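Below: one structure, written as structure tokens.
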Amino acid sequence: MATNRITASGTPWSDRIFDIVVYVAIVIVTVVTLYPFLNVLAISLNDSTDSVKGGITIFPRQFTLKNYDTIFAFSGLLTGLKISVLRTIIGTVLGLISSSMLAFTLSRVDFQGRKFVSTFLALTMYVSGGLIPFYILIKDLHMMGTFAVYVLPGLVSAFNVFVIRSFIDGIPYALQESAKLDGANDFTIYWRVILPLTKPALATIALFLAVGQWNSWFDTFLYNASKDNLTTLQYELMKVIQSTQTNVDNFRGRNMVEVMAQISPESVKMAITIIVTVPILVVYPFLQRYFVKGMTLGAVKS
Amino acid sequence: MKAVTVETAKIERPAKTKASRFFSTMLQQRYLYLMSIPFVIWVFVFSYLPLWGWTMAFQKFKPAKSFFEQDWVGFDYFKELFHDDTFFQALRNTLAMSVMGLIAGFTIPIILAILLNEVRQQMFKRVVQTISYLPHFVSWVVAAGIISKMLSTDNGVVNEVLVGLHLIHEPIQFMAKGNLFWSIVTASDVWKETGWNTIIYLAAIAGIGPELYEAARVDGASRLQQVWHITLPGIRSTIIILIIISIGHLISIGFEKQFLLGNNLVRDYSQTLDLYALNYGLGMGRYSFGTAINIFNSVVSVILLFAANGIFKKITKESII
């Protein structure tokens, strides 16, 4: 623009200001996103009685691991950790196998049932029965108070199947044909030819499944609240958070805060928040490129 | 039928019916059937049987009785629902929070995506992006815990900053104020999902041809003018598609955030339709009434989805369903 005065480096002043605004805004966003996590981490590592005085920002003032020691002494946390890990592993593996298997059959143009199965599946994305009919169903299937309720209902999601299918569609059919000439049956083709080539899509879906499993708490709340041996980390954290708020409605099962009077509820809350968050923190930066790919792929398809 | 293959001709059955050809192909494709039928049954059980459960809303449902022993009551529960003030309150809360979420959930990620796109140092950009995805991956339980800590009256950072800046004289009890609840939910959603939602816009921005920017630069356009005249129009179609999809989901915002962030003090503002079904249906054992709420919710969201799709078709001649 003619009215722009040019600086020594040749950039117009308005662009300089624009740059400053951009960087300042981004730094603010980053701080707002990150600060709460660092603050929680600092408090979880700070002496409980000292924390009550306040003023802790992102560094602990009186460093201690006592908060973690104390909560790990509570058996509910260890059981929760075990069940959370188990459901994440089992749920992810089963979910991957079943959605990729179904996706493979749907990618086969020659498959007679293709049209029916894919319509049948696609409809589930638009209509859902709702919470209460589902609850009654789980009850009728005698799945209340079982581990199965964590992995079975979420086994096949239409969205995941369609994402994997669109990936398989991109694999040349000639590969399947040559395997067939070598005498492979359809299952062998799926297992030996398709699965290895679908790895990038599977990595994306695995991440979504694993995060979903790790993060879910509502199924524990609804179906397994009375089962101490089937509790999950998220549910334990939920109980602690809700108990320090005003409504402790009708939670069955013991609560960590009641069990441990030695450290303040806030320290319990912060330490368990960190325990629940750390696994995700460790995993997600490495899988970033996969989920970004999956996100854009899914968006294009839907 | 002309197309009799060599193989079928060999099996000396002159008139092959359609059905028998279907079954011979079926036999050939037995593995494909074996690999899909179990999941068809699975989908039937977990996605279609609950729809059968909708009959509960028209019965005086007692869990102990079988289907044929239930008393049928017609639309009684729906009548009761539409005469219940709490229902309209829940509907208002649902719509208010989804509209607020829609507005904030669109504008803020678009702004952040544009800002990120203007960053020239790739390393800095990547670090910022990675950090911005983090809240998306933590559960709402964790998020709710963190948010209530940040907003708390004792040592919550939000209150400390506001008091420090002399904007308020004493800490606000955010979590106990009903009239602030909608804003808290919206802000929490923005905090959690903004970074993640930029992915799609950044992908769209990356698809804009660099020659457009070069031409604008030659014409002497400033960076801000380039954003206004090239970047924004370049992602317009993406924005429209996403808005229409969101309209389809307007009523189905669920209850997770409201359940975790809410409490009895703010119930009048936190109770969404799903939470209403949970509290008044499941919580009180009134399964039929709760199912009626679920049906209302599902039916309205399907209508919205088709309406949104219809609008979308008109605009773009394409269908998203």
Side-chain angles (χ1 to χ4, degrees), chain A residues 1 4 12 14-15 18 22 25-26 29-30 33-34 36 39-40 54 98 101-102 105 108 111-113 117 120-121 124 126-137 153 155-156 185-187 190 211 215 217 234 237-238 241 245-247 269 273 276-277 280 284-285 288 292 295-296 299, chain B residues 25-26 29 31-33 35-36 39-40 42-43 46-47 49-51 53-54 56 112 115 118-119 128 130-132 134-135 137-139 141-142 144-146 148-150 154-155 157 175 195 199-200 203 220 222-224 263-265 274 277-278 281-282 287 290-291 294-295 297-298 302 305:
Chain A
M1 279 185 73
N4 265 341
S14 66
D15 283 1
F18 182 79
V22 166
I26 286 181
V29 169
T30 313
T33 311
L34 207 52
N39 186 224
V40 169
S98 40
M101 213 185 260
L102 195 54
T105 65
R108 286 281 295 265
F111 178 40
Q112 294 180 27
V117 177
F120 195 68
L121 190 64
T124 64
Y126 304 115
V127 194
S128 87
L131 183 67
I132 287 161
F134 199 81
Y135 178 84
I136 299 288
L137 176 76
L155 201 58
V156 178
N185 64 39
D186 286 329
F187 181 77
Y190 157 74
V211 170
N215 281 346
W217 58 275
Q234 301 283 349
L237 176 62
M238 190 278 252
I241 288 170
Q245 284 191 15
T246 43
N247 61 335
K269 219 156 85 171
T273 301
V276 169
T277 313
I280 283 178
Y284 94 95
Q288 216 185 101
V292 171
M295 173 84 178
T296 37
Chain B
T25 322
M26 194 171 170
Q29 298 183 339
Y31 284 101
L32 293 180
Y33 275 96
M35 286 160 76
S36 56
F39 302 114
V40 171
W42 181 92
V43 169
F46 286 104
S47 297
L49 278 187
L51 292 177
W54 280 12
M56 279 190 294
L112 182 61
L115 292 176
E118 296 298 323
V119 173
V128 169
T130 306
I131 291 172
S132 75
L134 171 62
F137 286 98
V138 303
S139 65
V141 179
V142 169
I146 291 178
S148 57
K149 164 70 193 149
M150 296 303 131
D154 31 276
N155 315 322
V157 67
M175 304 313 276
I199 293 178
I200 195 105
S222 70
R223 299 262 297 280
L224 192 62
N263 54 58
N264 283 334
L265 297 172
D274 278 326
L278 184 71
L282 213 52
Y287 299 120
T291 307
N294 284 151
I295 293 177
N297 212 342
S298 291
V302 168
L305 200 70

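Note that the structure is a prediction, hence the values are computed from the model and not measured. As a basis for the values below, the full set of heavy atoms in this structure was taken, side chains included, without hydrogen atoms, waters or symmetry mates. Letters A, B, ... mirror the listed sequences (proteins, then strands); counts begin at 1.
Heavy atoms of B/S132 lying under 4.5 Å from chain A belong exclusively to its backbone. Proximity to chain A is limited to the side chain of B/L49, based on heavy atoms less than 4.5 angstrom apart. Only the side chain of B/V157 comes within less than 4.5 Å of a heavy atom of chain A; its backbone N, CA, C and O stay farther away. Only the side chain of B/L112 has a heavy atom closer than 4.5 Å to any heavy atom of chain A.
Scanning both residues, B/F137 and A/N215, for their nearest heavy atoms gives O-ND2, 2.9 Å. Taking each heavy atom of A/D186 and B/Q29 in turn, the nearest pair found is OD2-CA, 4.5 Å. Considering all non-hydrogen atoms of both residues, A/Q112 and B/M26 come closest at NE2-N, 3.2 Å. Heavy-atom minimum distance, A/T124 versus B/S47: CG2-CB, 3.5 Å. Across A/P36 and B/I146, no two heavy atoms sit closer than the pair CB-CG2, 3.4 Å.
Considering OG of B/S36 and CZ of A/F111, their distance stands at 3.5 Å, rounded to 0.5 Å. For the atom pair A/T105 OG1 and B/Y33 OH, the distance stands at 10.5 Å (nearest 0.5 Å). Distance check: B/L32 CG to A/M101 CE gives 11.5 Å after rounding to the nearest 0.5 Å. Between A/L121 atom CG and B/W42 atom CH2 the span is 9.0 Å, to the nearest 0.5 Å. To the nearest 0.5 Å, the span separating OG1 on A/T33 from CG on B/L134 amounts to 8.5 Å. In this structure, CD1 in B/I131 is found 5.0 Å from CG in A/L34, a value given to the nearest 0.5 Å.
Within the 4.5 Å cutoff, the side chain of A/P133 has heavy atoms near those of the B/N294 side chain. In this structure, the side chains of A/L131 and B/D274 stay at 4.5 Å or more apart for every pair of heavy atoms. Using a 4.5 Å heavy-atom threshold, the side chains of A/I136 and B/M56 count as touching. Contact of the B/P50 side chain with the A/S128 side chain is not registered, since no non-hydrogen atoms from C-beta on lie closer than 4.5 Å. Within the 4.5 Å cutoff, the side chain of A/F18 has no heavy atoms near those of the B/S222 side chain. Residues A/T273 and B/K149 fail the side-chain proximity criterion, which asks for heavy atoms closer than 4.5 Å. A/V276 has its side chain out of reach of B/V141: every pair of non-hydrogen atoms, C-beta onward, lies at least 4.5 Å apart. A 4.5 Å side-chain heavy-atom check between A/V40 and B/M150 finds at least one atom pair inside the cut-off.
Put simply, the side chain of B/W54 gets close to the backbone of A/G129: a donor and an acceptor are under 3.5 Å apart.
Not counting sequence neighbours, B/F39 has no partner by the ring-ring contact (aromatic ring centres under 6.0 Å, His included) test.
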- Kindly determine whether A/Q234 and B/V142 satisfy side-chain contact (heavy atoms from CB on, under 4.5 Å), including the steps that lead there. CA-CA 8 Å; A/Q234 301 283 349; B/V142 169; 4.2 Å; yes

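Below 30°, between 30° and 60°, or above 60°: for B/F46 and A/F134 the angle between ring planes is between 30° and 60°, a tilted geometry.
Listed options B/I295, B/L224, B/V302 were ranked by heavy-atom pairs under 4.5 angstrom with chain A; first place goes to B/L224. By number of non-hydrogen pairs under 4.5 angstrom with chain B, the leading residue of A/A25, A/G130, A/G113 is A/G130. Counting heavy-atom pairs under 4.5 Å between each of B/L51, B/T130, B/N297 and chain A puts B/T130 at the top.
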